[in-house]
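Single-structure report; data block below.
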Amino acid sequence: MPYSIIFFGTADFSTPSLQVLIDDNRFQVKAVVTKRDMKVGRHQDVTKPPVKMLAEKHGIPVLQLDSIKAESSYSTLKRIQGERQIDAYVVVSYGKIISQKVLDLPKHGVINVHGSLLPKHRGASCVQSAIAAGDKETGVTIMLMDAKMDHGPTLAQKTTEIKVDDTGGMVHDRLACIGALLLPDVLADFIEHKIEPIEQSHNEATYCKTLKREDGKIDWSKSADEIERLVRAYDPWPGTYTIKDDKRVKIFKTRTTNNELRTTVSEPGEWVIKDGKLYIACGDGALEILELQPEGKRRMSAKDYLAGQRL
RNA sequence: CGCGGGGUAGAGCAGUUGGCAGCUCGCCAGGCCCAUAACCUGGAGGUCGUAGGUUCAAGUCCUACCCCCGCAA
């Protein structure tokens, strides 16, 4: 008799985990809870969350709850619990806080796959946060959820190195995969009481907020090292940009340089062309710009960009 | 029809009141040099997104459509 699971998830980070649970015959995914379809993209097309598409492909019922906090959501889940005797909820990048009342519903509890080494980088932008902070490694934590954000006791962790050229997208995909591979055994062991949950060291906790586009605006008074990490961390979401001549310019790839340029540059944020290369001055040092995208143009190398500049 | 920018040589861009299709880089050939990604000379490479319209004449003006991108989500 497979364990009955309800899967909560929305973003791309969730899909590998859902996929392995579907494929693993120790489990049966009875339902998938996800956010409402959103208007998305340049033409505001209504698009289903990726998790919903995967669920539908496998004929799994999908619940799109307007608000997980709403009484109606609770009663829906409670009714399912009564009918189906759900063993556990699995929450992966669901994007909403789940109340204790709901967490108490499944027989064994609610487990969460989180993209950082908790207690560090609690919150929504854990992957970006780890890279931006200059951490040498990050990882996946599987934990037992409680009412506080990413606060519950941990069941398992697996680390991965953050390489010097890793982007947020690359680490995100890697962690989604690591989490998915780790999940089934941890979930089964948890239900069978083979794992002792370990309380987090709460005094070592760090937090990160949900990122908005505006967070990608580069503050050139920061050091070149710091900005270089930020550019990588925020690729592809939320991306980094700066304003030049009242136009937005996205910054995709940069390289730190030695500090020689400091003497030739008066002000952080100033653009400097030297030996056919493009630099922007920072608070400490300068950053060579390797790839960028002016507003309305497509992404291009600094070399291509400079070819079109009238000097 | 959510708002906006754009499509011109392989790449990135300029192109004025309609009047010979340009710039930087790259590419090819030759030269200079101990040598070079440096420098000099020469060369190739275009259906100006597509279709139609106005005009003696359209990259340029008008209409429709296609495609790329920024905002927004």
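Chain A is the first sequence line, chain B the second, and so forth, proteins listed ahead of strands; every chain is numbered from 1.
- Both the sub-6.0 Å distance and the 45° axial angle are not jointly satisfied by A:Lys250 relative to the ring of A:Tyr241.
- For the pair A:Met300 CE and B:C69 C1', the computed distance is 10 Å after rounding to whole Å.
- Checking the phosphate oxygens (OP1, OP2) of B:C69, no side-chain nitrogen or oxygen of A:Gln293 falls inside 4.0 Å.
- A distance of about 25 Å separates the P atoms of B:G15 and B:A51, rounded to the whole Å.
- For B:G6, the OP1/OP2 oxygens have no side-chain nitrogen or oxygen of A:Arg298 closer than 4.0 Å.
- Atoms CD1 (A:Ile273) and P (B:U24) sit 16 Å apart, rounded to a whole Å.
- When the P atom is used for both B:C13 and B:C56, the distance is 37 Å, rounded to whole Å.
- Cation-pi contact between A:Arg26 and A:Tyr3: absent, since separation from the ring centre below 6.0 Å together with deviation from the ring axis within 45° is not met.
- A:Asp225 and A:Ser223 are not linked by any side-chain donor-acceptor pair at a separation below 3.5 angstrom, with hydrogens and angles left out of the test.
- Taking the nucleotide of RNA chain B with the nearest heavy atom to each of A:Lys247 and A:Pro294, the more 5' of the two is matched to A:Lys247.
- Nucleotides B:U36 and B:C61 place their P atoms 48 Å apart, quoted to the nearest Å.
- One can place CZ of A:Arg213 at 8 Å from C1' of B:A72, the figure rounded to the nearest angstrom.
- Here A:Tyr94 pairs with A:Phe8 under the ring-ring contact (aromatic ring centres under 6.0 Å, His included) rule; sequence neighbours left out.
- When the C1' atom is compared between B:U24 and B:A9, the two are found 13 Å apart, to the nearest whole Å.
- Just one residue in the list A:Lys303, A:Arg255, A:Lys274 forms a salt bridge (Lys or Arg N to Asp or Glu O under 4.0 Å) with A:Glu288, and that residue is A:Arg255.
- Atoms NZ (A:Lys212) and P (B:A72) sit 11 Å apart, rounded to a whole Å.
- Within the shown strands, B:C62 is the pairing partner of B:G52 under the Watson-Crick or G-U definition, both distances less than 3.5 Å.
- No side-chain heavy atom of A:His58 sits less than 4.5 Å from a side-chain heavy atom of A:Val29.
- Applying the 6.0 Å contact sphere to NZ of A:Lys120 captures no more than 12 heavy atoms from other residues, nucleotides or ligands.
- At a cut-off of 3.5 Å, with distance as the only test, a side-chain donor of A:Arg174 or A:Thr160 sits close to an acceptor on the other residue.
- Straight-line distance from the CG atom of A:Asp275 to the C1' atom of B:A37: 12 Å, rounded to whole Å.
- Nearest to the side chain of A:Ala307, among B:G26, B:G12, B:A73, sits B:G12.
- In this structure B:A21 sits in no base pair that meets the Watson-Crick or G-U test at under 3.5 Å.
- Note on A:Lys250: a side-chain N or O is less than 4.0 Å away from OP1 or OP2 of B:G70.
- Rounded to whole Å, the separation between the P atoms of B:G5 and B:A14 comes to 15 Å.
- Spacing of P atoms, B:G22 relative to B:U55, comes out at 28 Å, to the nearest Å.
- Nucleotides B:G12 and B:C65 are separated by 27 Å at their C1' atoms, to the nearest Å.
- Distances shown here put every side-chain N or O of A:Arg42 at or beyond 4.0 Å from the OP1 or OP2 atom of B:C71.
- A:Lys297 has its NZ atom 8 Å from the C1' atom of B:G5, to the nearest Å.
- Separating the CG atom of A:Asp246 from the P atom of B:G5 is a distance of 15 Å, rounded to the nearest angstrom.
- Base-pair partner of B:C71: B:G2 (Watson-Crick or G-U wobble, both distances under 3.5 Å).
- Residues meeting the side chain to side chain contact (heavy atoms under 4.5 Å, CB included) test with A:Ser14, sequence neighbours left out: A:Phe7, A:Val51, A:Val92, A:Ser93.
- Scanning residues 232-245 of chain A for heavy-atom distances under 4.0 Å to RNA chain B yields an empty list.
- B:A73 atom P lies 19 Å from atom CZ of A:Arg36, rounded to whole Å.
- When the P atom is compared between B:A44 and B:C23, the two are found 13 Å apart, to the nearest whole Å.
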